[in-house]
Amino acid sequence: MLETEPHVLIVEDDGEVRQLLARHLRENGFAASTARDGREMREVLRAGGAPVDLVLLDVMLPGASGMDLLKEIRATSPIPVVMLTARGEETDRVLGLELGADDYITKPFGRRELVARLRAVLRRAGGPAEAPAPPASPLLTFAGWTLHVGRRELTSPEGALVDLSGSEFDLLMAFLAHPQRVLGRDQLLEVGRRRIGDAFDRSVDVQVSRLRRKIEPVEGAAPLIKTVRGSGYVFVAEVGRA
């Protein structure tokens, strides 16, 4: 994880909305993790990786509602929480704020507004957003490669542009956001924008294989993406910001 990136955990049961939010935040200088429900939210918060700086929490979730999860978070942690909902009733907004939410965003919302409000909440909390905001289109570097996030342009160490499909771009962004961290097939299926949740589906292996063919060094050199048997994949290169 890049140290200058505020880490946002998105808790949203709609897969398409969840992935669009994650992609938009990553393109605007945030690190983003995702969860479908309270169980996955707890797993991310308990994980030993980079700490979560803010939770973007949908109100309408299967099982425990967003309000229930907000009370659960507030019982043990002061982490900033921004509620996300399609409801616009004042009573819902007031209840969320009274339970300890730091802000409340009603769908539909503007993407620039979302980023601005998350940064404002992080500033008030004294989190990573106190640092100068990163450029809207950062350049990420690894092993001599450069990825222009805003333009979705990948440049090889030799200066050649390498074409990426939408799913290959999303997959590479997931690896660059979590270098040296094992990512399971279920996580990679999600960032590949697929609607199925079967962690044993072989399509993720096909996507990783295609990405490897585009970015792996010459035969015999150390790989950038290693397979972790029974677990998933890990991106081993150091990631920087140009």
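One is the number of the first residue; the rest follow in order along the sequence.
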Quick check: does any side chain N or O of [X] sit under 3.5 Å from a backbone N or O of [Y], one acting as donor and the other as acceptor?
X	Y	answer
His7	Pro51	yes
His148	Leu154	no
Ser156	Ala160	yes

Would you name the heavy atoms of [X] and [Y] that are closest together and state the gap between them?
X	Y	result
Ile79	Val52	CD1-O, 3.2 Å
Gly100	Leu70	C-CD1, 4.2 Å
Ala64	Leu69	CB-CD2, 4.0 Å
Val182	Gly232	CG1-N, 4.4 Å
Val162	Lys214	CG1-CB, 4.1 Å
Glu238	Gln180	N-NE2, 3.9 Å

*Please say whether more than 12 non-hydrogen atoms of neighbouring residues, nucleotides or ligands are located less than 6.0 Å from CZ in Arg112.*
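Incorrect, the count does not exceed 12.
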
Are [X] and [Y] side-chain neighbours, meaning at least one heavy-atom pair lies under 4.5 Å?
X	Y	result
Leu54	Val81	no
Leu21	Leu114	yes
Leu84	Tyr104	no
Leu164	Arg152	no
Leu171	Val208	yes
Leu172	Leu211	yes
Leu176	Leu147	yes
Met41	Asp37	no

*Passing candidate, salt bridge (Lys or Arg N to Asp or Glu O under 4.0 Å) with Glu12, options Arg36, Lys107, Arg18*: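 Filter result, single survivor: Lys107.
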
Inspect the contact between [Y] and [X] and indicate whether a charged nitrogen and a carboxylate oxygen are less than 4.0 angstrom apart.
X	Y	answer
Asp103	Arg117	yes
Arg42	Glu72	yes
Arg210	Asp205	no
Arg213	Glu168	no

*CA sep, side-chain torsions, deciding dist, call: Met60, Ser65, side-chain contact (heavy atoms from CB on, under 4.5 Å)*: CA-CA 6 Å; Met60 303 298 292; Ser65 72; over 6 Å; no

*Sequence neighbours excluded, which residues qualify as side-chain contact (heavy atoms from CB on, under 4.5 Å) partners of Ala116?*
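None.
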
*Which is it for Leu9 and Thr34 under the side-chain contact (heavy atoms from CB on, under 4.5 Å) test, yes or no, and what are the steps along the way?*
CA-CA 6 Å; Leu9 170 57; Thr34 60; 5.7 Å; no

N/O donor to acceptor pairs below 3.5 angstrom from side-chain atoms of residues 222-230, sequence neighbours left out:
unit_1, atom_1, unit_2, atom_2, d
Thr227, OG1, Arg212, NH2, 2.9

*asked:* Suppose the criterion is salt bridge (Lys or Arg N to Asp or Glu O under 4.0 Å): which pairs have a residue in residues 153-167, not counting sequence neighbours?
replied: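 Non-adjacent pairs meeting salt bridge (Lys or Arg N to Asp or Glu O under 4.0 Å): Arg151-Glu153.
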
*Roughly how far apart are Ser33 OG and Leu45 CG, rounded to 0.5 Å?*
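Rounded to the nearest 0.5 Å, the OG-CG separation comes out at 9.5 Å.
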
*For the hydrophobic clusters of this structure (ILVMFWY residues joined by side-chain heavy atoms under 4.5 Å, transitively), does one cluster hold both Val8 and Leu20?*
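Not linked; separate clusters.
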
*Is it true that Trp145 and Val234 fall in one hydrophobic cluster, defined by side-chain heavy atoms closer than 4.5 Å?*
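No, it is not one cluster - the side chains of Trp145 and Val234 are not joined through contacts under 4.5 Å.
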
*Determine, step by step, whether Phe235 and Arg181 satisfy the side-chain contact (heavy atoms from CB on, under 4.5 Å) criterion, reporting the C-alpha distance in whole Å, the side-chain angles of both residues, the deciding distance to 0.1 Å, and the verdict.*
CA-CA 7 Å; Phe235 192 80; Arg181 173 178 166 184; over 6 Å; no

*List the steps and the verdict of side-chain contact (heavy atoms from CB on, under 4.5 Å) for Asp53 and Leu122.*
CA-CA 8 Å; Asp53 298 303; Leu122 285 165; 3.9 Å; yes

*Only one of Leu57, Ile105, Asp58, Asp102 passes side chain to side chain contact (heavy atoms under 4.5 Å, CB included) with Met83; say which it is.*
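Looking at Leu57, Ile105, Asp58, Asp102, the match for Met83 under the side chain to side chain contact (heavy atoms under 4.5 Å, CB included) is Leu57.
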
*Between Phe175 and Phe142, does the ring centre distance come in under 6.0 Å?*
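No, they do not, as the ring centres are separated by 6.0 Å or more.
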
